[in-house]
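One structure is given here, and the rest of the page talks about it.
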Amino acid sequence: MKFAPWAFSLATPCGVLRVEGNCYFILSATLTPLTDEQQPDSLPAGPCELYNETRKQLDAYFNDGRNRIDLPVMTSGSDFQQRVWTALEKILPGQTMTYGQLAREINSSAQAVGNALRENPVALIIPCHRVVAANGLGGYAGETEGALPKIKQCLLAHESRQH
DNA sequence: TACCCATGCTGGT
DNA sequence: ACCAGCATGGGTA
């Protein structure tokens with residue numbers, strides 16, 4: 001059952017986190033606002049080690065935002081998108097970087113970086129929320145204002161909170 | 001504050 | 001090959 005796909009949803013202080021994966025990789029992770037309608041699923045038993053490890057790291061992270069999340073992911077995207085996503089590994093919890101700074105590191109442009117981050121299939125695991133605009137928060141998950149940027153702000157606040 | 005445009009990457013035609 | 005649209009940034013008034 002090593003390839004057994006699994007998924008779970010988890011209520012977090014910043015929204016409902018839904019994670020999908022198999023016993024080798026995380027395949028997707030999305031964070032959506034918690035509404036009365038969509039209650040998180042009950043959590044199924046884990047078919048394999050990666051499931052348990054994922055749950056463990058997420059619990060640790062939401063208990064203390066300074067805890068680093070480091071999980072194997074399998075993502076599909078253009079070469080450029082992969083370049084942007086892997087560049088995020090260096091940004092630790094509580095740290096941020098601007099679109100422009102990241103763009104200079106990989107010889108691209110700020111707006112192109114934003115385009116790639118918008119397509120991040122594994123929210124939180126690839127910490128796209130740690131890239132902000134030069135003049136403010138910047139967008140999240142395709143929105144520049146509204147509920148989704150609030151999730152971004154919530155994550156950043158959680159990571160910088162004193163424990 | 002607002003407007004304008006350079007920017008590089010994407011998706012559709 | 002072209003063109004419009006972006007989770008931006010910098011310049012100018």
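Chain A is the first sequence line, chain B the second, and so forth, proteins listed ahead of strands; every chain is numbered from 1.
Atom CD of Q82(A) and atom C1' of dT10(B) are 15 Å apart (whole Å). Atom pair Y99(A):OH and dG10(C):C1' shows a separation of 17 Å (rounding to whole Å applied). Taking atom CD of residue E143(A) and atom P of nucleotide dC6(C), one finds them 13 Å apart after rounding to whole Å. Across the protein-nucleic acid pair, R104(A) atom CZ and dT8(C) atom C1' stand 12 Å apart, rounded to whole Å. Distance, I106(A) CD1 to dC9(B) C1': 11 Å, rounded to whole Å. Distance, Q111(A) CD to dG10(C) P: 13 Å, rounded to whole Å. The distance between atom CD of Q81(A) and atom C1' of dG11(B), rounded to the nearest whole Å, is 11 Å. Note: CG (N115(A)) to C1' (dC9(B)) measures 6 Å, nearest angstrom.
When the side-chain nitrogen and oxygen atoms of S108(A) are compared with OP1 and OP2 of dC9(B), one or more of them lie within a distance under 4.0 Å. Look at S78(A) and you'll find a side-chain N or O under 4.0 angstrom from OP1 or OP2 of dT10(B).
Residue-to-nucleotide proximity on DNA chain B shows that, of E119(A) and S109(A), the 5′-proximal contact is made by S109(A).
Counting any heavy atom pair closer than 4.0 Å across all strands shown, G142(A) reaches a base atom. Residue contacts shown for A141(A) include a base, since a base heavy atom lies under 4.0 Å away.
Panel note: side chain E119(A), backbone A116(A); no donor-acceptor pair is recorded below 3.5 Å. With N22(A) contributing its side chain and A4(A) its backbone, the two residues share no donor-acceptor pair below 3.5 Å.
The two residues Y140(A) and I151(A) come nearest to each other via the heavy atoms CE2-CG2, 4.0 Å.
Note on D64(A) versus R66(A): salt bridge recorded, some NZ/NE/NH1/NH2 to OD/OE distance being below 4.0 Å. Under 4.0 Å is where a charged nitrogen must lie from a carboxylate oxygen, and between E20(A) and R18(A) at least one such pair does.
Pair assignment for dC5(B) gives dG9(C), based on Watson-Crick or G-U wobble hydrogen-bonding distances that are each under 3.5 Å.
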